[in-house]
Amino acid sequence: MTARTYAAHAKPLWQRALLAREFAIIALLVVVYMYSRSEVPAFDGPLTIYYLLLDAAAILLIALPMTMIIITGEIDLSVASTVALSSVLVGDLHQHGMSIPMAGLVAILAGVVCGAFNGFLVAYVGLPSLAVTIGTLALYRGIAVGTLGTKAVTDFPEKWTDLAKQHIGDSSYPVIVIPFIVLAILFALLLHFTSFGRGVYDIGLNSEAAHFTGVNVARTKFILFVLSGAVSAFAGIYITLRYGSARGDNATGLELQVIAAVLLGGVSIFGGRGALHGVIAGVLLIGVISSALRLEDVTVNVINIIIGLLLVLSVMSTSFLSLATRASAGMKKRSSKSSDARQQLASAHHEGKN
Amino acid sequence: MTDTLVAPSRRSTAQRVVSTILTSRESAIAFVLILVVAAATLNTNSFLFSEDGWRDLLLTPAILLLLATGQAVVIITRNVDLSVGSTLALTAYLTGRLFVDNPGIPIILVVLIGMLAGAGLGLINGLLVALGRVPALVITLGTLYIYRGVVLSWAGSNRINASDMPDGFLSLGTKSILTIPVLTILALVVLGIVGYYLRTARGGRELYAIGSDPDAANLYGLKVRRRVIGAFVLCGALAGLAGVVYAARYGTISSGAGQDIELQAVGAAVIGGVAIFGGSGSVWGAAIGAWLLITINRALPILGVQDFWQQAVVGALILGAIVLDRVLATRRSRKLVEARDIA
Amino acid sequence: MNASGPVALQLEQVRKSFGPVVALRSGSLTVHSGSIHALVGENGAGKSTLVKIVAGVYQRDGGEFLLHGESVDFSSTAASKDAGIAVIYQEPTLFPDLSVTENIFMGRQPLGAGRRIDRKAMHEEALGLFSRLGVNLDPRRLAEGLSIADQQIIEIAKAISLDASVLIMDEPTAALSGVEVERLFAVARSLRDEGRALVFISHRFDEVFALCDTVTVMRDGDYISTDPIAETTSSQIVAKMVGREVGDLFPKTPAEIGEPVLTVKQLESAGVFHDISFDVRAGEIVALAGLVGAGRSEIARAIFGVDGYDSGTVELNGKVVRPRSPRAAIRSGMGFVPEDRRQQGLVTEASVAHNVAAVIRSRIARWGLLTNGSETRTAGPWAGRLEVKTNALDMHATTMSGGNQQKVVIAKWLATQPSLLIIDEPTRGIDIGTKAEVHRLISELAGQGMAILMISSELPEVLGMADRVLVVHEGHITANLDRADATPESVMTAATNTMEVPA
Amino acid sequence: GGSSDGGDKGGSGGSGKSVSVTFLPKNLGNPYFDTSDKGGKTAVSEFGGKFAEVGPEKASPDAQVPFINTAAQQGINALVVSANDPKAIGDALNEARDAGTKVVTFDSDTDPKYRDLFINQATAEGIAKVQVDMIAKQIGDKGDIAILSAAANATNQNAWIDLMKQDLSANHPNIKLVDTVYGNDDDQTSFDKTSALLQKYPNLKGIVSPTTVGIAAAARYVSDSEFKGKVQVTGLGTPNQMRKYVEDGTVQAFALWNPEDLGYLAAFAAKALVDGKITGKEGDTFSAGKLGDFTVGKDATVLLGDPFQFNKSNIAKFNF
Ligand SMILES: Nc1ncnc2c1ncn2[C@@H]1O[C@H](COP(=O)(O)OP(=O)(O)OP(=O)(O)O)[C@@H](O)[C@H]1O
Ligand SMILES: Nc1ncnc2c1ncn2[C@@H]1O[C@H](COP(=O)(O)OP(=O)(O)OP(=O)(O)O)[C@@H](O)[C@H]1O
Ligand SMILES: [Mg+2]
Ligand SMILES: [Mg+2]
């Protein structure tokens with residue numbers, strides 16, 4: 001039998017790159033950045049990039065695991081509460097005489113436990129992640145607030161609080177970008193260049209088919225939630241040191257900021273679609289916009305409106321795009337939820353979600 | 001929910017009703033609520049047996065009750081509305097502004113305008129979700145920011161004070177009929193109407209059908225989009241009403257009103273047995289869930305639990321509720337599968 | 001069974017395609033009031049598509065569609081319902097969270113005072129429908145957890161309660177028992193006698209001949225013929241359906257049968273299947289036959305570890321396979337081509353290369369790292385061996401025809417070089433040409449010593465391909481027939497009769 | 001280095017030219033700050049500078065930091081800030097100072113090392129004392145009282161509460177402080193906390209709320225409850241918020257300084273710093289427009305004056 005051979009790609013590289021959604025976000029980021037540099041007073045100063053990265057660092061970090069979780073079609077709303085819990089732990093332990101590295105280690109372990117608890121309920125008990133993490137959002141935050149009560153721990157050694165804000169050499173980049181870059185590379189390798197990462201996409205596109213091809217759906221989700229807990233805890237340590245203050249109400253509302261940025265970065269809330277470079281661009285885009293608007297003395301409310309609009313518009317644009325392509329393919333998409341009740345009974349792994 | 005197997009049950013209607021009530025999720029939550037009230041009352045008599053204690057027990061949950069009712073309707077259609085807190089802030093501020101800018105404006109008109117404004121915001125959500133085919137979670141996350149930003153820009157640092165609003169309106173916040181606060185009666189009437197509609201009107205049942213299986217609903221020929229939009233409008237209108245109630249109850253309104261209340265509304269619905277993926281649950285359950293959340297918040301300090309721990313208790317409650325649901329559902333379906341062997 | 005009433009429903013040259021897949025090329029159908037019209041054709045002939053166009057689920061790309069003589073164009077199922085068309089879809093469309101009564105009356109519940117739903121009247125009406133259909137169902141129970149047969153009954157009750165002038169039933173009997181089928185037929189006849197037009201789709205010829213008065217045959221999206229039932233025979237119909245000699249569809253080549261590869265011992269799963277024991281040898285093709293809903297797919301899923309089971313063991317090449325883990329099954333040397341390739345077999349929104357390499361990707365990774373390039377290089381030869389038709393390996397599987405998709409699924413599993421391949425409904429919804437290719441491939445694989453466990457609802461396929469036939473009925477194996485003993489009669493008896501003693 | 005003057009990072013720095021002053025309140029949407037910032041704006045326009053008001057939605061330190069950073073980037077001449085945390089925003093403030101911005105805190109201070117000057121509305125002792133005196137008088141110097149504060153770690157509130165406790169135990173042995181609860185400067189939370197307090201302590205005689213949001217919420221709750229007249233509410237509030245409750249008798253008296261004057265003074269102090277007239281040294285003097293001359297005290301602190309008591313007889317004269 002003379003086997004057929006195939007081209008690897010239907011379209012040339014430049015077309016594939018241009019049509020990708022990530023490209024649009026990166027292009028928008030570049031445009032907004034260039035515009036701000038030339039039009040916004042003081043935006044081209046040396047501090048802009050530094051502060052922008054300091055502010056965005058926590059979101060950038062947490063966005064890494066969040067991207068993967070959303071690609072599997074799940075969501076983690078408890079990240080900011082994990083940040084707070086980790087912050088409170090670092091503070092409390094430090095107050096009781098533990099060194100910062102030790103306290104940080106314990107906090108990361110606590111983050112792993114938080115993530116594992118979410119992951120267990122979602123992946124192995126089969127509960128919807130939206131409901132589970134709304135619950136743990138309140139639970140973890142409650143433990144954080146309860147632990148410190150009225151106190152705020154602020155007497156951190158300067159060695160450590162300075163580290164969180166240090167510049168790399170003489171550059172305008174803060175040191176925190178180093179762990180971020182290391183983690184970003186690891187996550188990018190994991191998501192885009194391993195079999196595990198392929199499984200993550202498969203789960204989001206069709207978790208039933210993934211299960212049938214031997215992807216361990218439950219374990220994959222569990223691991224992602226654990227990663228999310230660990231990275232959130234790390235971000236919690238960073239936030240604590242950066243502000244030199246451990247409080248139960250640190251990072252309130254951060255979860256929605258992370259999710260907004262991830263979605264803006266081109267990840268589909270339905271799962272199965274998205275890439276880390278888009279997400280990073282999404283976070284930075286929000287950072288650049290907020291920073292430029294603040295420099296223009298625009299108040300936070302207007303910034304919020306703009307970010308909200310951007311989010312709605314960007315999501316609508318994907319859905320219109322996909323609607324258009326689907327229409328041109330003449331396909332009526334049947335929902336991924338099987339109409340057959342048997343599968344739901346047969347295995348708890350396939351939680352129907354839309 | 002009836003647990004009967006394949007063959008028609010031979011039990012009488014009365015028996016069936018009794019057993020349904022006894023085994024329902026709503027009564028389980030109501031039971032927990034009674035326990036909480038009893039424990040707090042044993043500890044401090046005045047929690048229940050004082051004029052103010054009794055009034056607060058009934059009155060404090062009114063706002064969340066309205067929000068949870070609307071939220072439950074949306075969740076039943078397999079959607080969610082995160083923007084209710086921002087909607088509440090907008091309509092609460094609008095209420096105050098109406099009184100400030102139009103002295104002598106009839107109260108009933110203000111209530112209507114508040115509800116209409118809320119309905120309008122709900123309509124925006126509904127249109128974006130139904131026509132844009134974008135998940136409600138994302139859309140309403142976006143409108144949460146946008147609506148909140150609008151109040152902040154509009155109100156700025158302006159605050160509406162009690163002295164800006166007529167006494168007739170403010171007294172709504174505390175007036176009682178037969179010891180039952182007026183606002184509670186209002187919330188209960190709304191709850192009754194919505195609950196009755198969901199249970200006995202065709203449109204209400206269609207909401208359940210849509211949430212149960214949206215594709216089947218389409219195949220069946222139900223007007224899915226219209227109903228989903230309707231659910232969002234209702235939810236918005238109730239959030240609008242909640243805004244008016246907020247103004248009457250608290251008397252001061254700033255742009256930060258109702259921050260973070262959206263997750264409480266979703267939590268109340270979930271605790272009350274509304275499945276997060278639609279199709280089942282009732283507004284009664286959501287209402288009792290709201291009542292429980294608020295009452296626990298009030299009871300904890302009395303029970304000697306520092307109020308810093310309240311949020312943790314709420315979280316544990318939500319998790320307990322969904323895990324319980326899963327356990328019961330698994331048990332029920334196993335029974336149904338095994339029943340096939342016997343049949 | 002003759003001169004019936006005026007033409008109720010008429011379709012002429014209706015066309016419909018889904019992207020590159022042409023589902024209907026020239027669909028034509030003329031149904032008279034007061035008659036029961038059979039629509040037959042092989043899997044994928046386009047019957048359901050035709051039905052869905054009538055129902056307003058899909059809009060036709062071209063052609064005529066007349067209802068009671070008037071040209072119509074339904075944009076939604078609501079519109080067709082209003083026009084008096086009731087449809088039972090092939091796949092049940094129930095609301096699992098609602099009671100069976102509500103499922104029947106959704107959107108048109110009887111109303112009492114104050115436009116309030118009159119539950120009592122509704123339940124009574126439902127009970128009336130159930131007794132007419134001869135079933136004993138609690139009108140208040142939830143639809144969740146109903147067996148396929150019961151679900152189908154609800155669909156039927158829903159359709160007949162609509163009081164429609166045109167009633168279309170897409171394989172309503174596939175999961176029903178003999179008695180239930182008889183009841184349905186009685187109801188159908190009485191509806192016909194009331195002057196309604198009925199369309200009946202079934203793969204069972206005995207039913208077609210017992211119930212219908214006219215038959216239309218379709219093949220590959222084309223209209224073939226319409227004949228009065230009295231003037232045709234089943235072999236004529238089969239010939240029209242298939243369009244060529246049946247024989248060359250099943251190029252079974254004898255293979256050397258070796259040692260047992262798969263051994264299943266007393267597999268048990270409450271409510272699903274019971275006491276399942278059998279083995280499959282190297283080079284052997286074993287078919288699981290039975291009615292839809294008999295539990296064959298469930299057995300296969302349990303063996304492969306997609307579902308769990310309560311007790312029993314599965315051994316591959318003498319080693320026990322860990323339950324509930326497809327990974328373990330794959331590692332031990334199993335492959336599984338599932339019945340629903342869009343939902344279970346493929347990630348349709350991913351590329352061909354991604355799908356073909358899906359199972360073996362951890363093997364082709366270097367130092368744990370995987371690139372698109374290495375996937376494409378690995379996938380290419382396997383896609384080529386199966387002659388998958390696509391212009392590039394990064395095309396999404398969404399755009400492919402069913403037959404091509406099936407080839408991708410098979411390529412994916414062949415790439416793992418399994419010692420046992422389980423194939424559920426290997427040729428469902430595949431055109432005739434590809435069908436023969438798939439059959440040839442299965443034979444060839446068996447010839448190379450692979451053990452094959454095949455599940456098929458098509459009797460000719462079972463009889464043509466299998467070395468041995470296991471018949472499943474309600475979760476029990478009711479017959480174990482050698483190729484020589486397997487006849488349509490022996491298989492059908494075992495498939496419908498519980499009393500049969502397992503061989 | 002408070003006196004470094006490398007302030008040409010893109011702003012319009014340098015004395016003599018127009019001075020840019022940015023007010024950063026604890027949060028937006030707070031009428032107290034609205035009033036004080038209004039005073040600041042008046043002052044800035046009097047000396048012909050450039051005024052801006054920015055701030056976060058929620059009163060939390062991490063939300064204030066980006067605004068401080070922005071001020072540093074803009075190279076504005078002076079930042080007038082009410083701190084949500086004495087330490088958490090400190091480093092950011094110092095960075096802004098390094099970039100040449102003068103930092104004046106008002107209303108709520110940071111650690112002295114993070115700012116050039118603190119404009120104190122009144123001495124903490126004075127504020128604590130006036131509140132203790134008011135409640136003691138209103139409840140007849142005996143009985144249970146509770147405190148409804150703002151956020152659990154608000155600097156100024158906590159300082160006053162500590163001083164009030166000392167004053168109570170030293171001078172008012174028959175008054176018992178039974179609880180301190182936190183309303184987070186949120187209307188709804190403060191309201192519900194009041195309700196919980198009254199339930200938990202049926203014998204409560206008085207509630208002291210050293211925060212404007214808290215006192216209004218407590219008064220609103222009490223005014224409609226069976227406790228009206230039985231439980232006294234006092235503390236720090238603005239006349240407009242409290243007018244209704246003073247008139248209907250729920251509240252006999254409450255205290256506050258004039259927040260508008262506070263902002264006004266802060267702006268002039270900022271200007272004096274920018275112009276190099278003062279450096280924050282004890283004994284420095286500067287003039288603040290219509291308010292007259294002020295002298296810098298210990299720890300680089302400038303005192304506005306004594307708190308003022310509002311009651312039925314004088315409240316009609318005030319509108320802020
Ligand atoms: N939504 C869809 N998207 C793409 N292709 C489709 C879709 N629905 C049907 N097809 C294709 O159209 C063809 C006809 O399918 P159809 O379901 O009408 O066949 P059928 O005659 O009803 O078969 P069966 O006897 O198996 O029910 C098949 O090749 C099928 O794969
Ligand atoms: N709704 C349901 N919920 C749970 N179990 C069900 C349901 N419907 C059917 N089952 C069980 O699943 C078994 C078979 O289902 P299925 O239709 O997959 O069988 P099959 O023989 O593989 O048929 P097919 O020809 O469709 O492949 C039945 O014996 C029944 O007990
Ligand atoms: Mg079909
Ligand atoms: Mg099957």
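Numbered from 1 within each chain, the chains take letters A, B, ... in sequence-line order.
No part of A/Asp44 comes within reach of chain D, as not one of its non-hydrogen atoms sits under 4.5 angstrom from that chain. In this structure, chain A has heavy atoms under 4.5 Å from both the backbone and the side chain of D/Pro66. At a 4.5 Å heavy-atom cutoff, the contact between A/Tyr50 and chain D is made by side-chain atoms alone.
Side-chain contact between A/Arg294 and D/Gln73 is absent, with no heavy-atom pair separated by less than 4.5 Å. Within the 4.5 Å cutoff, the side chain of A/Asp55 has heavy atoms near those of the D/Asn69 side chain.
Atom CD of A/Glu158 sits in a sparse spot, with 12 or fewer heavy atoms from other residues, nucleotides or ligands closer than 6.0 Å. Atom NZ of D/Lys87 has more than 12 heavy atoms from other residues, nucleotides or ligands within 6.0 Å. Within 6.0 Å of atom CZ in D/Phe51, more than 12 heavy atoms from other residues, nucleotides or ligands are found, so the atom counts as buried in its surroundings.
In plain terms, the two heavy atoms of D/Asp62 and A/Ala251 that are nearest each other are OD2-N, 3.3 Å. Here the shortest heavy-atom pairing between A/Arg247 and D/Asp85 reads NH1-OD2, 3.1 Å. Considering every non-hydrogen atom in both A/Glu296 and D/Gln74, the closest pair reads N-NE2, 4.4 Å.
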Practice problem: Please lay out, stage by stage, how A/Leu47 and D/Glu95 fare under the test side-chain contact (heavy atoms from CB on, under 4.5 Å). | Solution: CA-CA 10 Å; A/Leu47 288 174; D/Glu95 286 162 24; over 6 Å; no
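Taken to the nearest 0.5 Å, the OG1 atom of D/Thr70 stands 8.5 Å off from the CG atom of A/Asp297.
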